[in-house]
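Reviewing the structure listed below.
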Amino acid sequence: MRKCCVVSDRDMACTDCMKASDFSIDKKGIKKRNWRTRIRYLLKITSSSKSMARRRSYRPTVDEVNQWAQSLDKLLSHKYGKAAFRIFLKSEFCEENIEFWTACEEFRTISSLEKLSSRARSIYEEFIQCDAPKEINLDYQTKDAIVQSLCLPSLTCFLLAQKKVFSLMENNSYPRFIHSELYKELCAIARGEGQYLKS
């Protein structure tokens, strides 16, 4: 089992640290302890920090957490918001959507043509092709347009697919996240309450 030593934006949700048993299901779906474990990991640097100012900077403020409920854009623009959403999607077994969206964001920052071509192929194999390990739900026309663009990829070759995945998250997963126990717990944590602070 791999260990998480460094917290990066992409790995904020600690997906590599969780065991298959963490996905055990009860009558209400994923057990709360599983996302609480991820919240603890997400915020663990908070409790080990010595400085009060430093400690506060690692925990989202009440205002920030409230802004996450305004739009998916605002949620994804905040690194802890994005990490919390990824934790939620993982609990619903659909984290491939946020992973693809993030991969597309990173893809558009590539400046080397050689790296662009290599990364385009990698994203296609991981998320787009039939039976890909993290295959996302796309229509034939969108998939076909991506296949055609792989010969000479541009920074926008995944843009349409990314917009479709964003729309899917915005209309399905995001409303569920905002009404979830996980989001309520994050609001409580931001106010200085919540189970994370009691354990």
Beyond-backbone contact of [X] with [Y], side-chain heavy atoms, under 4.5 angstrom:
| X | Y | answer |
| --- | --- | --- |
| Cys187 | Glu185 | no |
| Ile110 | Phe107 | yes |
| Leu72 | Leu75 | yes |
| Pro60 | Trp68 | yes |

Considering residues at least two apart in sequence or located in another chain, which fulfil the ring-ring contact (aromatic ring centres under 6.0 Å, His included) criterion with Phe85?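 Phe85 satisfies ring-ring contact (aromatic ring centres under 6.0 Å, His included) with Phe177 only.
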Cluster question for you: counting only ILVMFWY and a side-chain heavy-atom cut-off of under 4.5 Å, with indirect links fine, are [X] and [Y] together?
| X | Y | answer |
| --- | --- | --- |
| Leu159 | Ile98 | no |
| Leu152 | Leu160 | no |
| Ile178 | Leu168 | no |

[atom1]-[atom2] distance between [X] and [Y], expressed to the nearest 0.5 angstrom:
| X | Y | atom1 | atom2 | result |
| --- | --- | --- | --- | --- |
| Arg108 | Glu105 | CZ | CD | 4.5 Å |
| Ile123 | Ile128 | CD1 | CD1 | 8.0 Å |
| Arg176 | Cys94 | CZ | SG | 6.5 Å |
| Ile136 | Phe100 | CD1 | CZ | 4.0 Å |
| Thr102 | Glu95 | OG1 | CD | 11.5 Å |
| Leu186 | Lys184 | CG | NZ | 12.5 Å |

Give the C-alpha distance, both sets of side-chain angles, the deciding distance and a yes or no for side chain to side chain contact (heavy atoms under 4.5 Å, CB included) between Gln67 and His78. CA-CA 10 Å; Gln67 284 181 24; His78 191 279; over 6 Å; no
Provide the closest heavy-atom pair for [X] versus [Y] in the form atom of the first, atom of the second, distance.
| X | Y | value |
| --- | --- | --- |
| Pro175 | Glu170 | CD-O, 3.2 Å |
| Val62 | Ala190 | CG2-O, 3.5 Å |
| Cys104 | Phe158 | SG-CB, 3.7 Å |
| Leu116 | Pro153 | CD2-O, 3.4 Å |

Taking atom CG of Leu150 as the centre, report whether more than 12 heavy atoms of other residues, nucleotides or ligands fall under 6.0 Å from it. yes
Not counting sequence neighbours, which residues clear side chain to side chain contact (heavy atoms under 4.5 Å, CB included) with Ser122? List them please.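 Checked Ser122 against side chain to side chain contact (heavy atoms under 4.5 Å, CB included); matches are Arg119.
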Any side-chain donor near an acceptor of the partner, Ser77 and Asp73, under 3.5 Å: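 Looking only at side-chain atoms, Asp73 and Ser77 do not form any donor-acceptor pair under 3.5 Å.
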Please state whether the rings of Phe166 and Trp101 are parallel, tilted or perpendicular, taking 30° and 60° as the class boundaries. tilted
Scan for salt bridge (charged side-chain N to carboxylate O under 4.0 Å, His left out) pairs involving residues 138-165, sequence neighbours excluded, and state none if there are none.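 Applying salt bridge (charged side-chain N to carboxylate O under 4.0 Å, His left out) to every pair that reaches into residues 138-165, excluding sequence neighbours, yields Glu135-Lys143, Asp139-Lys164.
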Mark yes or no for whether [X], through its side chain, and [Y], through its backbone, hold a donor-acceptor pair below 3.5 Å.
| X | Y | result |
| --- | --- | --- |
| Tyr174 | Ala69 | yes |
| Ser71 | Lys74 | yes |
| Ser117 | Glu114 | no |

Verdict with reasoning, Phe127 to Leu138, per side chain to side chain contact (heavy atoms under 4.5 Å, CB included): CA-CA 10 Å; Phe127 298 103; Leu138 290 174; over 6 Å; no
Determine, for Glu96 against Lys134, whether the closest basic-nitrogen to carboxylate-oxygen distance falls under 4.0 angstrom. no
